[in-house]
Amino acid sequence: MTTAQTKEPSRRKALRLWPGVVLVILQWSLRFVVPAVVPDALFYGLIGGVFGGALAIVLWWVFFSRAAWSERLGAIVFMVAGMYATKNIVHVSIATGAQGILLYILAIPGLCLAFVAWAVVTRNLSDGIRRVTMVATILLACGAWALVRTGGFTAADLHNDLHWRWAQTPEERLLSRSGHLPPPPPVKPVAESPAPVPEKLVIARSPAKSPKQPATLPAAPAVGTSSGTESKAEWPGFRGPHRDGIVSGAQINTDWNTSPPVAIWRRPVGPGWSSFAVRGDLIYTQEQRGPDEVVACYKLTTGEPVWAHRDTARFWESNGGPGPRGTPTLNNDRVYTFGATGIVNALDAGNGAVVWSRNAASDAAMKTPDWGFASSPLVVGDLVIVGVAGRLAAYDLATGAPRWFGPSHGVSYSSPVLMKNDGVAQIVLLSQAGATSVALAGGALLWDYTWRGYPIVQPALTPDGDVLVSVSDSSGIRRLAVAHGPGGWTVAERWTSMGLKPYFNDFVLHKGHAYGFDGSILSCIDLKDGTRKWKGGRYGNGQLVLLPDQDLLLLLAEEGDLALVRAAADRFTELARIPAIEGKTWNHPVLVRDVLLVRNGQEMAAFRLSLAGREEVSPSRP
């Protein structure tokens, strides 16, 4: 043996791989397993499983892997470069989703798994092969996301509706096969002359700075036709007759094993998160059809289209997708709507002819918020009132002339409610700043309560005049005592509860308790002190209505299931659950007589419910 042979350089130490394997297992467990077992841990799963896990794997690779320094640093450089390049070529739905971080949420766990798997598989290969395959692995793990798009994700578990990038969306399929809706009749002038525009427009201001507004605004032409359909609407708009999600007088058969809901009809619908307004055999909703934002009327008994009004407007964002968010409101012979880009319409309820139209975003000088304008119109007396993000705007019911604007308080996705306290009629809106109340007559500021957030749910009113508010998915719920005395209005916090944390899922009040969603799980709290009575059942970020005569909750789950749950404070009891529609479902259900209406961004359906103590009726009966 020669001296040269005895001095052969010692081999590089073997890679220390076990920490990487353990870390990637922990990362995937935090990201996917823990939130599935503990739904409230989704946020921690994202932070710990995606970003914390990635940081731990980087630290292992750079400082503890024993890899050559060229491989250690080269891997980090190619990971950063691969993610940066992919960000610029992925579909816009992924590039902008989750406020711009969706690509990282989707790609990082897979990238980490692919990288650790590469290190294990190639540990005994030559350096050249290892480095080439390392680059290929990183670029493929990143670049593969350029081949897909997302139709949005569920709020409960961040489940993405992934499809090939070139595949048609449900909206595109709808337009290609049955995108034609009946147009409204030609617009005709109304017989009566329009009401005059006030010479001075009332503009309420906050004590702090308020954007300047013009003193007068021109009225839109009052045109339209009269259909004479003035019967009372059973479900006049968002969340029912009193905008509280309560269906009075209804009692249904809860044994769905023997008397399940019977589907009357199903039909595809354009995207949007609007619910329904119902009068007689006509139902009204909003949807998106290509470049047009559509107010559509269908028959309750058959689902057949009756008329459609179109505005050339399209709102889209990755999380919720395209389409209007607000629900139509019926009043007398008209239907009032508020679109996601700010268009307010008054239409003839019988045929869809335009009575008047305004652009509330321009009128109120408010920008379209990130998730679109989402308020549903509130009709009180001779006013129709909308929440233009965090600013209330009131229009003349007959002519559309602006009557007053409330103070501007930033972002809001909530809808206004009517409240009477000490005989004073007032409109309450949740906004980025908190809760604001203005006088119905004139829009002057009465009181406000600061609690910053990005509210979506409506405030709820207790029988004794208090207000329940929630301003984000993590704020919990707060009870406010509102009083009017010689010194003016006062607002005080009674309690704050983390036992109920509604996000965009409205809650209902019944017999001294509130029922709603604490994240993705149904919850009940006591209105006296906010203590939680129970929590149970997984329905995602669904919606619900209350049947108070039966102590019953009817739920529409985020994944499209229907469920019945007892509205009782002693314990959680699910009575029935069946699949109803497919796909992410954030729209509020509607129950009129024995017909249940449900919809989401791609399908709507009507079900016949068996009434308690009555014989079942024919599906053709209205």
Side-chain angles (χ1 to χ4, degrees), residues 195-220 237-238 243 326 329 331 336 338 342 344 346 356 358-367 369 373-450 455 458-459 461 467 469 480 482 484 488-491:
V197 182
E199 292 184 4
K200 292 186 177 180
L201 176 65
V202 179
I203 302 176
R205 302 185 187 279
S206 297
K209 293 183 179 180
S210 177
K212 294 182 179 180
Q213 295 295 324
T216 61
L217 289 174
F238 186 54
R243 295 168 79 93
T329 299
N331 181 262
Y336 298 88
F338 186 39
V344 180
W356 56 260
R358 303 287 310 190
N359 189 307
S362 299
D363 291 343
M366 297 295 286
K367 293 182 179 179
F373 292 112
S375 171
S376 297
L378 169 66
V379 173
V380 184
D382 63 348
L383 297 177
V384 56
I385 303 165
V386 294
V388 191
R391 189 176 201 190
L392 289 166
Y395 294 92
D396 187 277
L397 197 65
T399 69
R403 295 276 287 274
W404 52 257
F405 294 105
S408 177
H409 287 313
V411 171
S412 172
Y413 305 97
S414 183
S415 291
V417 296
L418 172 66
M419 171 182 174
K420 289 187 178 180
N421 188 300
D422 196 25
V424 180
Q426 50 196 283
I427 306 299
V428 181
L429 179 71
L430 298 181
S431 68
Q432 184 175 353
T436 300
S437 171
V438 302
L440 176 62
L445 179 67
L446 297 179
W447 56 265
D448 57 15
Y449 178 85
T450 301
Q458 282 185 300
L461 310 178
V467 182
V469 297
L480 305 178
V482 179
H484 189 208
W489 293 91
T490 60
V491 185

Can you measure from [atom1] ([X]) to [atom2] ([Y]) and round to the nearest 0.5 angstrom?
{"X": "Leu418", "Y": "Leu461", "atom1": "CG", "atom2": "CG", "value": "8.5 Å"}
{"X": "Ile385", "Y": "Phe338", "atom1": "CD1", "atom2": "CZ", "value": "13.0 Å"}
{"X": "Phe238", "Y": "Thr329", "atom1": "CZ", "atom2": "OG1", "value": "9.5 Å"}
{"X": "Asp422", "Y": "Leu446", "atom1": "CG", "atom2": "CG", "value": "11.0 Å"}

Looking only at heavy atoms, what is the nearest atom pair of [X] and [Y], with distance?
{"X": "Gly443", "Y": "Pro407", "value": "O-CD, 4.5 Å"}
{"X": "Gly387", "Y": "Leu429", "value": "CA-CD2, 4.4 Å"}
{"X": "Ala374", "Y": "Ser415", "value": "O-OG, 4.1 Å"}
{"X": "Gln458", "Y": "Arg243", "value": "OE1-O, 3.1 Å"}
{"X": "Leu383", "Y": "Leu440", "value": "CD1-O, 3.7 Å"}
{"X": "Pro455", "Y": "Gln432", "value": "CD-N, 4.0 Å"}

Quick check against the 3.5 Å criterion: does [X] have a side-chain atom that pairs as donor or acceptor with the backbone of [Y]?
{"X": "Arg403", "Y": "Gly442", "result": "no"}
{"X": "Trp447", "Y": "His484", "result": "no"}
{"X": "Asn359", "Y": "Ala361", "result": "yes"}
{"X": "Ser431", "Y": "Val411", "result": "no"}
{"X": "Tyr336", "Y": "Leu397", "result": "yes"}

task: Could you give me the CA-CA distance, side-chain angles and deciding distance for Leu392 and Phe405, then say whether side chain to side chain contact (heavy atoms under 4.5 Å, CB included) is met?
output: CA-CA 6 Å; Leu392 289 166; Phe405 294 105; over 6 Å; no

Going by heavy atoms in the side chains, are [X] and [Y] under 4.5 Å from each other?
{"X": "Ser375", "Y": "Ser414", "result": "no"}
{"X": "Asp363", "Y": "Tyr395", "result": "yes"}
{"X": "Val482", "Y": "Tyr449", "result": "no"}
{"X": "Leu378", "Y": "Val386", "result": "no"}
{"X": "Val438", "Y": "Trp404", "result": "yes"}

task: For the residue pair Ser437 and Gln426, confirm or rule out a side-chain donor-acceptor distance under 3.5 Å.
output: yes

statement: In Thr450, Asp448, Leu430, the residue satisfying side-chain contact (heavy atoms from CB on, under 4.5 Å) with Thr436 is Asp448

